[in-house]
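The structure under discussion appears below in the form of structure tokens.
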Amino acid sequence: MNEKLLKPYNPQETEDRIYKTWEESGFFKPENLPGERKEPYTIVMPPPNVTGVLHMGHALGTTLQDLLIRFERMRGKRALWIPGTDHAAIATQSKVEKDIQKQESKSRHDLGREELLKRIDIFARESHDTIITQLKKLGASCDWSREAFTLDEARSLAVRTIFKKMYEDGLIYRGHRIVNWDPKGQTTISDDEIVYEERKAMMYTFKYSKDFPIAISTTRPETKVGDTAVAVHPEDERYKQYVGKEYDLEFAGVKLHIKIIADKEVDKDFGTGALGVTPAHSMIDWAIAERHNLPKPQVINEFAKMMVGDERILNKKTTEARVAIVEWLKSENLLTEEKEITQNVSTAERTGGIVEPLPKLQWFIAVNKEFRGTTLKEIMKKAVEGGQINFVPEHFTKTYFHWINNLNDWRQIWYGHRIPVWYRGNEVYCDINPPENGPHSAEASRGAWEQDPDTLDTWFSSGLWTFSTLGWPHSAEASRGTPNDLETYHPTNTLITAYEIIFFWVARMIMMTGYALEQIPFHNVYFTGIVRDAQGRKFSKSLGNGIDPMVIAEKYGADAGRMAIVMSGSAGTDSKLSEDKIKGYKHFANKIWNVTRYILENTKDLETPDMSRLTESHKKLVEDMQAIVKDVTKDIEEFRFYMAGEKLYQYFWYTFADVIIEESKGMLKNGSVEEKISIQNTLRIILETMIKALHPFIPFVTEEIWSMLPHSAEASRGKPKQLLMVESWPQ
RNA sequence: GGGCGGUUAGCUCAGUUGGUAGAGCGCAACAUUGACGUUGUUGAUGCCGGGGGUUCGAAUCCCUCACCGCCCACCA
């Protein structure tokens, strides 16, 4: 017997060595798998951001994906798990900028585009290497030869190809839209970069002029020089008589044309019940203006200075203009009320500047526009409605449908896929490659083509993830009879991802795949919850309550960490994880180890276990065990990983070890020869079956034990013994 | 304001189609030179959030209330 078995199980000594054996076997690559394997099983990894290191959430996702892939590989499928990392555009840029600011007190404008990109690149590469090492540590059986990065050349080509296609289909267009502008940082910022601060502010109630019939309230009188309407609720009796009327007036030296309109968005009980509509500088007013076809003049520029008016306000800061306008209102006797209120002011996370909503030229995707008899929204709806795509848990379909109408804005940042559009005067050129008569051509004298400085939001490229990782668009062209990756492995089977990104990512993958391939990207989506600490708090740096998966793997073994995390929750619900729980599964690994020692010690003369040597009562024991494995199989197929693990754990410890093995002791000592042989065979059959069934959960210790078993069941059928990872799943 | 969850043993959570409530951890007592103390045996603890309904029968289905949490929008 192997000497290692005489000591307690030592994951530190085992896991890295086992992983190396797997990698060297080549079995992570589906082409190398033994036997005839026709049916594919594909998972594409949600690419972790290259902004740092893996956390417990990644460990959960990685474990479940590996569990499924190992399960299906053992079931004889052509199992492919494609790994990758994400450039995480805004998060990465932001992280690097923060670091540089901290260490060198320089902004990105000090560095310039080139230098910043270089720095980001170095950071991203280091972060990438860390992440890959960590994935391996967890036992991830990915095909590393197919690894992808969301910002590499293959993905970039896919992005440009799709962009061009959408542009030509009229699904991508350019238009004005209000963005959150940070005048201090001179940049657009996304919703999650906004910090709300409670501040005291004055709310002013006034009329535009003496002849104007309705008073309005605002905390920002200076924006009122951009007003084009006053909106009231359609059922507001006070104002019904005015709806539809239009007024020309002069407000603090600015000529305004104000139309009275009725709109349901207006709250009758807020202020005077009438809303002065400033289309260009308020999200909601913009929407109202769109509905009522109102002009949307911009009156505040990118430096938060006034663009209109006379010397009292022109080129003044908004705050100064506000004072001037309030003074004017007072002098004209138009101000009826001044009230102090507390309001939430949006500020930029990075610079602390107050966010100024401004209209900007943006690229859009037209989700409701018809093309080839459908719309992008229809594509997203139908795939889930028709049951082609199955959500686990099912209730997320409700959330999905409820939110399908919301698409987020593009973000304009420097780190990402450049928009493949070039401008020359009024000409616009969109293609996969730059225009030939570009900046360096003979035609340059007519003026150079300039590429759009913006980059696409990360979701544009990640939306293509399932098929851009499988070779599209090259494979589509290269396909001449021989099956390629895209044909073989797409649509993928299961996506395992956090529920937080159902809209950011899942919906967009469905949309982009439907658009590009007229396929679904995956059949199943399994949503994981958030992994929290023992007290239910989110893991965070500031709380210092993080459980680092790598520390866990070092301390208790990756197997213990995997098992604990699988057992800590079901689909779509947040789970709580504590070190105690992980410790418990380290004990489990050791229990299996000790059981193996006992069985090998007591079945030394047994070569290959044989079902026909069993007594009737022992046969019954094996059948009971097989029934459990059958249940477990069904549980995994239906994504009840927790239940599957629980059943195996319970059976192994409290039936196999505590009952069957305990009872075997008497038989081995005092039983008849026949009984002895029978129990020996029984022990080995159950052990081997359990080791196989446990492999997807705790791959390292099971593989190690497998290597110590004298003869596998396969060997009895005349086949050479092979790695457990490619053994067949027990029937 | 719109939407989605949750409420089961001290704690964390399971409970697949309605059929006398489960696990882990924790707790208590006992055992033991055993494959394993990273052990075993035994045990205690539940009006399954409140109320109503359907049913022979409800933790499970329906209605309603309460509390907790999350997501999105908005805050003139």
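Throughout, a chain's letter reflects where its sequence line sits, starting with A, and its residues are numbered from 1. A quick note: this is a predicted structure, and the numbers were derived from the prediction, not measured.
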Specify the separation, in whole Å, of atom [atom1] of [X] and atom [atom2] of [N].
X	N	atom1	atom2	value
F652(A)	C36(B)	CZ	P	15 Å
K586(A)	C36(B)	NZ	C1'	14 Å
E663(A)	A35(B)	CD	C1'	16 Å
I288(A)	A73(B)	CD1	P	17 Å
H402(A)	G3(B)	NE2	P	6 Å
Y651(A)	A23(B)	OH	C1'	18 Å
Y654(A)	A23(B)	OH	P	10 Å
F206(A)	A76(B)	CZ	C1'	10 Å

Base, sugar-phosphate, or nothing for [X], non-hydrogen atoms under 4.0 angstrom?
X	value
Q650(A)	sugar-phosphate
K665(A)	base
V277(A)	nothing
N602(A)	nothing
I661(A)	base
I284(A)	sugar-phosphate

request  = Compare every heavy atom of T702(A) with every heavy atom of L694(A), then report the nearest pair and how far apart it is.
outcome  =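 Scanning both residues completely, I find the closest heavy atoms to be CB-CG2, 3.9 Å.
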
Closest contact, heavy atoms only, T596(A) versus I592(A) =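 Heavy atoms of T596(A) and I592(A) come nearest at OG1-O, 2.8 Å.
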
remark   = Side-chain atoms of P8(A) come closest, of U38(B), C74(B), A76(B), to U38(B)

message = From C-beta outward on N590(A), which listed nucleotide comes closest to its side chain: C75(B), U38(B), A35(B)?
response = U38(B)

Ionic contact status for [Y] with [X], cut-off 4.0 Å:
X	Y	value
K604(A)	E601(A)	no
K634(A)	D631(A)	no
E579(A)	K583(A)	no

query = With the sugar-phosphate defined as primed atoms, P, OP1 and OP2, and the base as all remaining atoms, what B/S/- string results for nucleotides 4-15 of chain B, 5' to 3', for protein heavy atoms under 4.0 Å?
reply = SS------SSS-

key: side-chain N/O K7(A) vs A35(B) OP1/OP2, d < 4.0 Å   = no

N/O (side chain, W653(A)) to phosphate O (OP1/OP2, C36(B)) under 4.0 Å =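 No, no such contact exists.
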
task = Go ahead and write out RNA chain B as dot-bracket, 5' to 3': ( ) for pairs within the strand, [ ] for ones crossing earlier pairs, | when the partner sits on another strand, dots for unpaired; Watson-Crick or G-U wobble, both distances under 3.5 Å.
result = (((((((..((((.....[..)))).(((((.......))))).....(((((..]....))))))))))))....

query = Should the ring pair Y208(A) and F206(A) be called parallel, tilted or perpendicular, given that the plane angle runs from 0 to 90° and is split at 30 and 60?
reply =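 Taking F206(A) first and then Y208(A), their aromatic rings stand perpendicular (interplane angle over 60°).
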
task = Please work out whether the ring planes of F391(A) and Y400(A) are parallel, tilted or perpendicular, with thresholds of 30° and 60°.
result =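 Correct class here is perpendicular.
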
ask   = Any chance the rings of Y585(A) and Y649(A) have centres within less than 6.0 Å?
value = yes

Partners meeting ring pair (Phe, Tyr, Trp, His ring centres under 6.0 Å) with W328(A) (sequence neighbours left out) = F251(A)

task = Using modelled atom types only, decide if a donor and an acceptor are shared between the side chain of D236(A) and the backbone of V232(A) within a distance under 3.5 Å.
result =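 Looks like no, no N/O pair under 3.5 Å.
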
